[in-house]
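Presented below is the structure to which this report refers.
Each chain gets a letter, A, B and so on, in the order the sequences are listed, and its residues count up from 1. Computed over heavy atoms, backbone and side chain alike; hydrogens, waters and symmetry mates excluded.
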Amino acid sequence: MAFWLMKSEPDVFSWDDLVAKGATGEPWDGVRNYQARNNMRAMKLGERAFFYHSRGSAPAVVGISEVIAEAHPDPTTEDPRWECVDVRAQAPFPRAVTLAEIKAEPRLAEMVLVRNSRLSVQPVREEEWRLVCEMGGARP
DNA sequence: GCCAACGTTGGC
DNA sequence: GCCAACGTTGGC
């Protein structure tokens, strides 16, 4: 069981937008980066991902989403190279965990979020997952 | 709004 | 296959 982190600009598609989609969820389309696509290809049904708000006033992990459809062609392009998974909101973080808090935690220094801030879909280690959940008061 | 870091493109 | 130029992302 792997863990993931997916970024979204809250002005474009926020956690609340995903919550509003309910059980139907949302295709995570528009990704045009090979590493991010490869990560989506590796996602399995039922695996979970942090929902991260980038470019907001305070970039932060704000919720947990769940994969409800494995990789399939991205409906927003004819280009067969690009694929997406579908996700739905599973649970909000009682307290958002900001990037500043993550950077201040030495045990999270190896997170992809810290080391390669530009990758929009990234793996999270199990111990990192548990720690971030704990920091946000979320059930891991 | 600025700018550093990174990924992609395209000429050679 | 190299690398400069360019575009995009995202923190601040």
inquiry  = Under the rule for salt bridge (charged side-chain N to carboxylate O under 4.0 Å, His left out), what residues qualify as partners of A/Arg88, not counting sequence neighbours?
reply    = A/Glu66
request  = For residues A/Phe3 and A/Glu126, determine if any side-chain heavy atom of one lies less than 4.5 Å from a side-chain heavy atom of the other.
outcome  = yes
Restricting both atoms to N or O, compile the protein contacts to nucleotides 6-9 of chain C shorter than 3.5 Å, with distance only.
| unit_1 | atom_1 | unit_2 | atom_2 | d |
| --- | --- | --- | --- | --- |
| C/dT8 | O2 | A/Arg118 | NH1 | 3.4 |
| C/dT8 | O2 | A/Arg118 | NH2 | 3.0 |
| C/dT9 | O4' | A/Arg118 | NH2 | 3.4 |

task = Just jot down the salt bridge (charged side-chain N to carboxylate O under 4.0 Å, His left out) partners of A/Arg41, sequence neighbours excluded, or say none.
result = A/Glu83
remark   = Hits for side chain to side chain donor-acceptor pair (under 3.5 Å) against A/Thr77, two or more places apart or cross-chain, chain-then-number order -> none
ask   = Where does the angle between the aromatic ring planes of A/Phe13 and A/Phe51 fall among parallel (under 30°), tilted (30 to 60°) and perpendicular (over 60°)?
value = tilted
Distances under 3.5 Å between protein N/O atoms and the N/O atoms of nucleotides 3-5 of chain C, please, pair by pair.
none

task = Could you tell me which residues satisfy salt bridge (charged side-chain N to carboxylate O under 4.0 Å, His left out) with A/Glu105, sequence neighbours excluded, listed by chain and number?
result = A/Arg107
request  = Walk me through it: do A/Phe93 and A/Trp15 pass the test ring-ring contact (aromatic ring centres under 6.0 Å, His included)?
outcome  = CA-CA 10 Å; A/Phe93 264 52; A/Trp15 170 256; 8.6 Å; no
